[in-house]
Amino acid sequence: MREIPSGLIERARQRPFLKPFARQAVGAPPIWLMRQAGRYLPEYREVRAKAGSFLDLCYNPELASEVTIQPIRRFGFDAAILFSDILVVPHALGQTVTFAEGEGPRLDPIRSAMDLARLNELQVGRKFELVFETVRRTRAALPAETALIGFCGAPWTVATYMVGGRGSVDQAEARLMAYQEPEIFSQLIDIISTASVTYLDGQVAAGADAIQIFDSWAGSLPDDEFDRWVVAPTRRIVRELKQRYPALPIIGFPRAAGDKIAHYVRETGVDGVSCDTTFSIRGMAELSSAENVVVQGNLDPLLLVTGGAALEKRVEEILTAVSGRPFIFNLGHGIVPQTPPENVAKLVQLVRRG
Ligand code: CP3
């Protein structure tokens, strides 16, 4: 049984996004979208152009706060998500991280105990301070009814970039290191987990109402490895945050975890789970009942590019499937840059009308 902390019941009265977590009735489900701040918005591209590099934008509290709020101004979502990136954690640990235009992230890969020893946990706090300042500014500027979501990458997903040095289709370098050098890989996961707790703790102290843990590559591991590298570190992060903030809602996003998702929910202790595009809508409803968990999802981001009747039909199907459950409307993965902003406005209208 899940108990609803009294602090959450109070806060949910003010912020509709929190109502599903407090099991309070909603008219329409709350809605926000992964990557709701980003290149599909002309106002984002304008700020991005004057910020310098992508990481410069992440560490600029004034500009990062501005782009966090842009989609709220335009669409009136129920939640804003802090503008930052999951790779701020390795960067704060001292790893070289760059974002080449149009190519995605590049990191100096960690391949040995010596590379690992170069990471510096002591400097983490100072770099994170700029992100916490963004949270404070954003909270102060948001409407009272808009929730603010903080986030981090899950240790496994962050490790895939730290070891691989870039995004990949199969995360082979990290999976190999986990098999061949489990001691070193385990130390890396612990370092990321500790830094992530510091990162999230600071975001909540600065005003974040809820947290999402992005595990974009959770789907690449067999079940025993999934338990060790996805479930165990996520459970640790959830436990340590709940000790400090018992009323904090935590959402996990184990993308492409498939039939391991119920196990993930049960073992990590997350309050909500974000379901990816390939997860069935019937499965979402069943998961919510079986695990008494808030489900979030799972519109295909490409339907938001398509728009029109196909978008309307699928939104209706999702809303019908999860009707009466604690549910938050979202995509199954992030908005893509070619999304027409009009389709996003249309989506918000469709969800709120139902
Ligand atoms: O609006 C939001 O959702 C909040 C901000 C946010 C960003 N990245 C901004 C961003 C969040 C929550 C993330 C999470 C993130 N970052 C994930 C997990 C979610 C997922 O998409 O699977 C991952 C794997 C990353 C790492 C990352 N950051 C990659 C692979 C890339 C390059 C791909 C791309 O879209 O360019 C980024 C860059 C990035 N992070 C951008 C934004 C808006 C685009 C960079 C730009 O504006 O130049």
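Sequential numbering from 1 along the given sequence is applied to the chain's residues. Below, each value reflects all heavy atoms present in this structure, side chains not excepted, and no hydrogens, waters or symmetry copies. Remember, it's 1-based here, ligands and their atoms both numbered in the order they're listed.
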Legend entry - Minimum heavy-atom distance Arg175-Ser220, with the two atoms named: NE-O, 3.4 Å
Inset, instruction - Give the residue, atom name and distance (to 0.1 Å) of the protein heavy atom nearest atom 35 (O) of ligand 1. - result: Arg39 NH2, 2.7 Å
Legend entry - Minimum-distance protein heavy atom relative to atom 5 (C) of ligand 1: Ser84 O, 3.6 Å
Inset, instruction - Could you list the atoms of ligand 1 found under 4.0 angstrom from a heavy atom of Tyr44? - result: 43 (C), 46 (C), 47 (O)
Inset, instruction - Could you check which of Thr160, Leu33, Leu57, Ile86 puts a non-hydrogen atom nearest to atom 25 (C) of ligand 1? - result: Ile86
Inset, instruction - Below 4.0 angstrom from a heavy atom of Ala37, which ligand 1 atoms are there? Numbered from 1 as shown, please. - result: 1 (O), 43 (C)
Legend entry - Salt bridge Arg236-Glu240, side-chain N to carboxylate O under 4.0 Å: yes
Inset, instruction - Check the side chains of Ser274 and Gln296 for a donor-acceptor pair under 3.5 angstrom, ignoring hydrogens and angles. - result: yes
Inset, instruction - Check each atom of ligand 1 against the heavy atoms of Tyr161 and keep those under 4.0 Å away; list them by number with element. - result: 24 (C), 30 (C)
Legend entry - Proximal atoms of ligand 1 relative to Ser216 (non-hydrogen, under 4.0 Å): 18 (C), 19 (C), 20 (C), 22 (O), 24 (C)
Legend entry - Closest approach of any protein heavy atom to atom 28 (N) of ligand 1, naming residue and atom: Asp85 OD1, 2.7 Å
Inset, instruction - Go through the steps to decide whether Glu43 and Arg74 satisfy the test salt bridge (charged side-chain N to carboxylate O under 4.0 Å, His left out), and finish with yes or no. - result: CA-CA 10 Å; Glu43 61 268 35; Arg74 200 190 251 261; 2.8 Å; yes
Legend entry - Heteroatom proximity flag, Arg255 to ligand 1, N/O under 3.5 Å: no
Legend entry - Carboxylate-amine/guanidinium contact Asp300 Arg314, below 4.0 Å: no
Inset, instruction - For Tyr264 and Gly252, work out which heavy atoms get closest and say how close. - result: OH-CA, 3.3 Å
Inset, instruction - State plainly whether the residues Glu133 and Arg137 are in salt-bridge range, i.e. N to O under 4.0 Å. - result: yes
Legend entry - Ser53 and Asp56: side chain donor to acceptor below 3.5 Å: yes
Legend entry - Stepwise side-chain hydrogen bond (donor to acceptor under 3.5 Å, both in side chains) test for Thr138 and Ser65: CA-CA 5 Å; Thr138 306; Ser65 170; 3.2 Å; yes
Legend entry - Nearest non-hydrogen protein atom, atom 37 (C) of ligand 1: Phe99 CE2, 3.5 Å
Legend entry - For atom 3 (O) of ligand 1, the protein heavy atom that lies nearest, with its residue and separation: Arg35 N, 2.7 Å
Inset, instruction - Could you tell me whether the side chains of Tyr199 and Ser84 share a donor-acceptor contact shorter than 3.5 Å? - result: yes
Legend entry - For Phe83, atoms of ligand 1 separated by under 4.0 Å from a heavy atom: 9 (C), 43 (C)
Inset, instruction - For Phe214, take its heavy atoms, then give the atoms of ligand 1 lying under 4.0 Å from any of them. - result: 12 (C), 18 (C), 19 (C)
Inset, instruction - Identify which of Phe151, Phe54, Phe253 has a heavy atom lying nearest to atom 39 (C) of ligand 1. - result: Phe54
Inset, instruction - Using heavy-atom distances, let me know which of Pro71, Pro301, Ala49, Pro105 sits nearest atom 30 (C) of ligand 1. - result: Pro105
Inset, instruction - Taking only Lys NZ, Arg NE, NH1 and NH2, and the carboxylate oxygens of Asp or Glu, determine whether Asp223 and Arg228 approach each other closer than 4.0 Å. - result: no
Legend entry - Identity and distance of the protein heavy atom lying nearest atom 46 (C) of ligand 1: Arg48 NE, 3.3 Å
Inset, instruction - Check each atom of ligand 1 against the heavy atoms of Leu82 and keep those under 4.0 Å away; list them by number with element. - result: 4 (C), 5 (C)
Inset, instruction - Identify, by atom number and element, the atoms of ligand 1 in contact range of His333, meaning under 4.0 Å from any of its heavy atoms. - result: 20 (C), 21 (O), 22 (O)
